[in-house]
K.L.:
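Structure below; questions to follow.
Note that ligands are numbered from 1 as they come in the structure, with each ligand's atoms numbered from 1 the same way. No experiment lies behind these values; they were computed from the predicted model shown.
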Amino acid sequence: MSIIQAQHIMLNDPAHARAAFDPKYAHGSAFTNGIYADLDHATVPLSDLGFTQADAVYDVVSVSKGWLFRLEDHLERFERGCAKFYLRNPYTKAQTIDILTTLVKQAGTKEAYVWWAVTRGKPQDSARRKNPDNYENRFYAFVVPYVFICPDEQRTRGIDLMVSQKYLRIPPESVDPTAKNFHWMDLKLSLFEAGRNKSDWSVLCDAKDNLTEAPGSNIFLIKDGELFTPDAGCLEGITRKTALELAAQIGMPIHVEKVHVEQLRNADEAFLTSTAGGVMPVNSVDGKVLGGKAGPGELTTTLHNLYWTKRWDGWLGTPVDYSHPT
Ligand SMILES: Cc1ncc(COP(=O)(O)O)c(C=O)c1O
């Protein structure tokens with residue numbers, strides 16, 4: 001079995017083609033603080049604490065073949081994240097769905113990356129800043145055509161992954177990673193470290209050499225046909241949840257538990273998961289080709305292909321009605 005060329009299909013299959021849209025939305029559509037705009041003209045007030053202090057919760061859902069994938073799961077995770085950081089979404093769930101769907105329709109994108117956030121909003125004076133109720137939280141969203149963070153070529157040969165030597169993931173006791181947040185510096189700098197080492201991607205450990213997650217993605221390994229992924233120190237990714245469900249469907253034993261970095265180095269297969277890339281096979285870890293054979297492993301390939309084919313059949317999807325652009 002070979003890796004489905006999902007990116008090629010998205011770009012070339014007429015069933016995935018962009019619906020009619022106003023040319024002003026060519027780069028995307030946006031909603032900032034109550035106002036719809038095209039992406040190029042949407043702005044953030046500079047004093048917003050989301051911008052100045054990374055004080056925000058966000059989420060990303062994707063659309064493929066015109067189906068929003070696991071929208072409810074993303075909305076629920078978002079609301080849980082807001083509660084953990086004492087942020088209030090100024091819009092109800094129904095209003096949030098309406099805003100996101102309107103943006104997808106405006107952009108006409110059947111393949112889309114749909115981003116939204118609630119920020120702390122305006123700074124308060126010192127007497128008021130200790131109470132989260134005193135802030136006027138703000139809502140922002142945008143939709144752009146889907147861009148694979150791991151293109152066909154890379155998924156087909158497999159990612160060359162490095163375990164970051166320089167950076168540890170921010171501990172959960174400092175910033176709870178299950179609330180999807182703007183604290184990206186450890187992830188981003190480890191990615192630059194990987195670039196300097198001629199690797200494709202990095203993965204970060206905690207202080208005890210247990211795996212946590214990778215920039216923008218969760219990590220999985222397969223050993224003797226069994227699937228392992230960390231239970232803590234990471235975002236509870238929606239693609240991670242999907243991979244776990246697909247693995248259960250094909251009868252793989254599953255372990256969501258502490259996973260030591262040496263288990264990754266000795267794995268038969270490994271992959272990353274992300275809304276912006278689906279299931280992303282790993283070829284090597286720190287220069288060692290996994291399973292003694294270059295390229296994606298067999299079980300990883302099965303999960304990868306199931307992920308896209310099931311999505312394109314509408315599995316756990318919410319259809320977008322493009323016939324009524326707004
Ligand atoms: C830090 C981090 N971990 C994991 C993920 C994967 O989560 P999901 O599958 O919900 O996209 C993301 C997604 O952006 C992320 O930012």
K.L.:
Under the 3.5 angstrom rule, does the side chain of Tyr58 hit a backbone N or O of Thr119 as a donor-acceptor pair?
P.N.:
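Looks like no, no N/O pair under 3.5 Å.
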
K.L.:
List the steps, then state whether salt bridge (Lys or Arg N to Asp or Glu O under 4.0 Å) holds for Lys65 with Asp313.
P.N.:
CA-CA 9 Å; Lys65 210 179 176 184; Asp313 280 345; 5.6 Å; no

K.L.:
If we only consider heavy atoms of Glu236, is any one of them less than 4.0 Å away from an atom in ligand 1?
P.N.:
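Glu236: no contact with ligand 1 (<4.0 Å).
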
K.L.:
For ligand 1, find out whether one of its N or O atoms is nearer than 3.5 Å to an N or O atom of Ile238.
P.N.:
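For ligand 1, there is an N or O atom that lies under 3.5 Å from one belonging to Ile238.
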
K.L.:
Can a salt bridge be assigned to the pair Asp321 and Lys105 using a cut-off of 4.0 Å between side-chain N and carboxylate O?
P.N.:
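The answer is no: the pair does not qualify as a salt bridge.
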
K.L.:
Can you name the atoms of ligand 1, numbered from 1 with element, that are less than 4.0 Å from a heavy atom of Trp184?
P.N.:
16 (O)

K.L.:
Which atoms of ligand 1 have any heavy atom of Gly237 under 4.0 Å away?
P.N.:
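Atoms satisfying the 4.0 Å criterion: 7 (O), 8 (P), 9 (O), 10 (O).
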
K.L.:
Would Asn218 count as a contact of ligand 1 if the rule is a heavy atom under 4.0 Å away?
P.N.:
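Contact present.
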
K.L.:
Taking everything shown except Lys93 itself, do over 12 heavy atoms lie less than 6.0 Å from its NZ?
P.N.:
yes

K.L.:
With respect to atom 3 (N) of ligand 1, which of Arg240, Arg169, Lys241, Glu213 exhibits the smallest heavy-atom separation?
P.N.:
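Going through Arg240, Arg169, Lys241, Glu213 one by one, Glu213 has the nearest heavy atom to atom 3 (N) of ligand 1.
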
K.L.:
Among protein heavy atoms, which sits nearest to atom 9 (O) of ligand 1, and what does the distance come to when rounded to 0.1 Å?
P.N.:
Thr239 OG1, 2.6 Å

K.L.:
Tell me, which protein residue and heavy-atom name are nearest atom 13 (C) of ligand 1, and how many Å apart are they?
P.N.:
Lys180 NZ, 3.0 Å

K.L.:
When you measure from atom 11 (O) of ligand 1 to every protein heavy atom, which one gives the shortest distance, and what is it?
P.N.:
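Of the protein heavy atoms, Thr275 OG1, 2.6 Å lies nearest.
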
K.L.:
Decide whether Asp55 and Tyr135 meet the rule of one side-chain donor and one side-chain acceptor closer than 3.5 Å.
P.N.:
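No donor-acceptor contact under 3.5 Å links the two side chains.
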
K.L.:
Verify the distance criterion only: is there a donor paired with an acceptor across the side chains of Thr178 and Asp176 at less than 3.5 Å?
P.N.:
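Checked: Thr178/Asp176 side chains pair up, N/O donor to acceptor below 3.5 Å.
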
K.L.:
Determine whether Asp200 and Arg157 make a side-chain contact, defined as any pair of heavy atoms from C-beta on separated by less than 4.5 Å.
P.N.:
yes

K.L.:
Check if Ser217 has a non-hydrogen atom at a distance under 4.0 Å from any atom of ligand 1.
P.N.:
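Checking ligand 1 against Ser217, which is what was asked, there is a heavy-atom contact under 4.0 Å.
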
K.L.:
Do any nitrogen or oxygen atoms of His74 come within less than 3.5 Å of a nitrogen or oxygen of ligand 1?
P.N.:
no

K.L.:
Does atom NZ of Lys288 have more than 12 heavy-atom neighbours, drawn from other residues, nucleotides or ligands, at distances under 6.0 Å?
P.N.:
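For Lys288, atom NZ is crowded (more than 12 foreign heavy atoms under 6.0 Å).
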
